[in-house]
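Have a look at the structure below before the remarks.
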Amino acid sequence: MLLTVAVVLAAAVAIAVGTVPVPLGDVVAVTWAHLTPGDTERSLLYDQIVWDFRAPRVLLAGVAGAGLSIAGVCLQALVRNPLADPYLLGISGGASIGAALALSFVPAAIAGLGVSGAAFLGAVVSVALVVGLAQRAGRVAPGRLILAGVAVAYLGSAITSYIQLQANPGELRGILFWVLGSVAAASWSDLPAPTVALAVCLLWLLVDGRRLNALTMGETSAAGLGIDVNRLRLGLLAVASLLTATIVSVAGGIGFVGLLVPHAVRLLVGPDHRRVIPVSLLLGAVFLILVDLLSRTLDRPNEMPIGIFTAVLGAPFFLWLLRSQSGAVR
Amino acid sequence: MRVTATGVSVTIDGTTILDDVSFTAADGRVTGLIGPNGSGKSTLLRCFYRIIRPQQGTVHIGEHDVWRVPARRAGQLRAVVAQDQELDNEYAVRDIVAMGRIPHQRLLERESTADRAIVDEALTRARIEWAEGRRFVTLSGGERQRVLLARALAQNAPVLLLDEPTNHLDIGAQLELLELIRELGLTTVAALHDLDHAMSYCDAVVLLHHGRVVAADDPVTVLTPQRLADVFGVRGATTTHPLTGQPHLVFAAPRSERELPR
């Protein structure tokens, strides 16, 4: 409950603060005007700043933070490895290749797709490759999944590096910004895909949260409790891939959120996925909204890639949390 | 409920692990699966867990073909105490035992008062109720096995499947667990490493060797010196415990230089 309030509050503050500050009252007024029918009087300047620039950006940060955190929860439960994150499946590697190509050499060839489309295509190809390599007769082996994912991720980053070396300085900056992740260019049209993906995945996860708990006890335990382990694993893979691919394709490779938030949440509320999932959702959203706010206010009017700040801010916080949990074993 | 395997064959990566295995475990009895390492005990159990699907043959719990009923139904028919005692989990004992109710709960259904009562009873029957608030990782090996046994009991299934339940336990914890399992009175199939335990605690044993059933009968009939030599390559003999008068197995290596002259 408290976290839901925090999400709304963080979003409102993030919309208000910026190069041109907007009073909180006007933020509420503009939002209200757009959400209710009828013509209310309001400042055109504020309207444009709030509704056209900041609102989609803040919302995308929230959805991306929430989605990456949930994807992280799914993959950590799937492979039962604390280092698992949304990019485990090589998604960012494939997406970077797509985006880097679209931003440098072949904009004409895949112009129809756009950078997002090219990144999404790259993500889908890499997931297909990883899952294809990791399965054996239709069964997914978590150990092989990790290794296949790591291999594809390295391959992706090698190819992206090569493209960067060949690109001109202007293109290079664009690629680097994309790889580190950014919601700066967010528009309303970027929102539907990740939001729908998040809603669908949440629905499935809330139904199956109990099964995730059993899966973290081990394959045999889960099977003994009447769970179709392979089907659950494939479902988790689908959820994590869908979330990560839709988010990466519009916001780039925002790192660390999907790794850090689930762990922080488990340290705070314990291992039960019926609590871990909703809390990760909200904490992920708050975290990325605030990080995005910092990334565009610290060095005004310049923008920093959000991916730099997720690690710079997240790592110390996480290490502090890890140390302060004296009783925890992890 | 009876537990039966009929003509079960399993081949993994070209290696035959189980070759036309059939056995029946009688209702309400403790049946031991015994055999050397790699004889197929665990694989046979994993067929009943729905982890390995036999290429040929069927496994049944009562009337139900384990692979033809829904996964959730299988969770109501048999409970499993496996070897995966995950070390890095943060769950409290009670949370783990409550997972035993999963096969009985519908989607989005919350834990009911009846569920809680069943969990309480399972904790008591496994004699681990004193630890319900403790975290699993803080318990000893024997206590952990009792927690997993309590989870299995919370499933309220007529059949209990155990894969080497006494592994890594000290001798006191081993005997305590085996006594407890016998007292439960459930149809039990247990893969056991220790042949003397099989002798003392099983009503019947199924002896596997190279993926085939060599013998299946009561332990004294199956565990003859000849079979112990043929299957395990040891010289075994039956003796009587001087305090209890119960039969026990003792073993010696094929040729021991430390033997006393007779």
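The basis for the numbers below is simple: all heavy atoms, side chains too, and nothing from hydrogens, waters or symmetry mates. Residue numbering restarts at 1 for every chain, and letters A, B, ... go by the order of the sequence lines.
Highest contact tally toward chain A, considering only B/Ala71, B/Gly75, B/Pro70, is held by B/Ala71 [criterion: heavy-atom pairs under 4.5 Å]. Between chain A and the options B/Tyr49, B/Phe48, B/Tyr91, the largest number of non-hydrogen pairs under 4.5 Å is found for B/Tyr91. In terms of heavy-atom pairs under 4.5 angstrom with chain A, the leader among B/Arg50, B/Gln76, B/Arg78 is B/Arg78. For the set B/Ile51, B/Val69, B/Ile102, the count of heavy-atom pairs under 4.5 angstrom toward chain A peaks at B/Ile51. Interface summary for chain B: among A/Ile227, A/Leu225, A/Asn230, the most heavy-atom pairs under 4.5 angstrom belong to A/Leu225. The most heavy-atom pairs under 4.5 Å with chain B, out of A/Asn213, A/Asp228, A/Val229, come from A/Asn213.
Salt-bridge formation is detected for the pair B/Glu176/B/Arg146: a Lys NZ or Arg NE/NH1/NH2 atom is positioned less than 4.0 Å from an Asp or Glu carboxylate oxygen. The residues B/Glu143 and B/Arg127 are annotated as not salt-bridged, no charged nitrogen and carboxylate oxygen being separated by less than 4.0 angstrom. Salt bridge status for A/Arg266 with A/Asp272: absent, with no side-chain N to carboxylate O gap under 4.0 Å.
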Could you check B/Ser42 against B/Asp163 for side chain to side chain donor-acceptor pair (under 3.5 Å), going step by step and ending with a plain yes or no?
-> CA-CA 7 Å; B/Ser42 288; B/Asp163 194 357; 3.1 Å; yes
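Applying the 6.0 Å contact sphere to CZ of B/Arg182 captures more than 12 heavy atoms from other residues, nucleotides or ligands.
Of the two parts of B/Arg101, neither the backbone nor the side chain holds a non-hydrogen atom closer than 4.5 Å to a non-hydrogen atom of chain A. Heavy atoms closer than 4.5 Å to chain A are found nowhere in B/Leu45, neither backbone nor side chain.
The main-chain N or O of B/Pro165 is found under 3.5 Å from a side-chain atom of B/Gln145 such that the two form a donor-acceptor pair.
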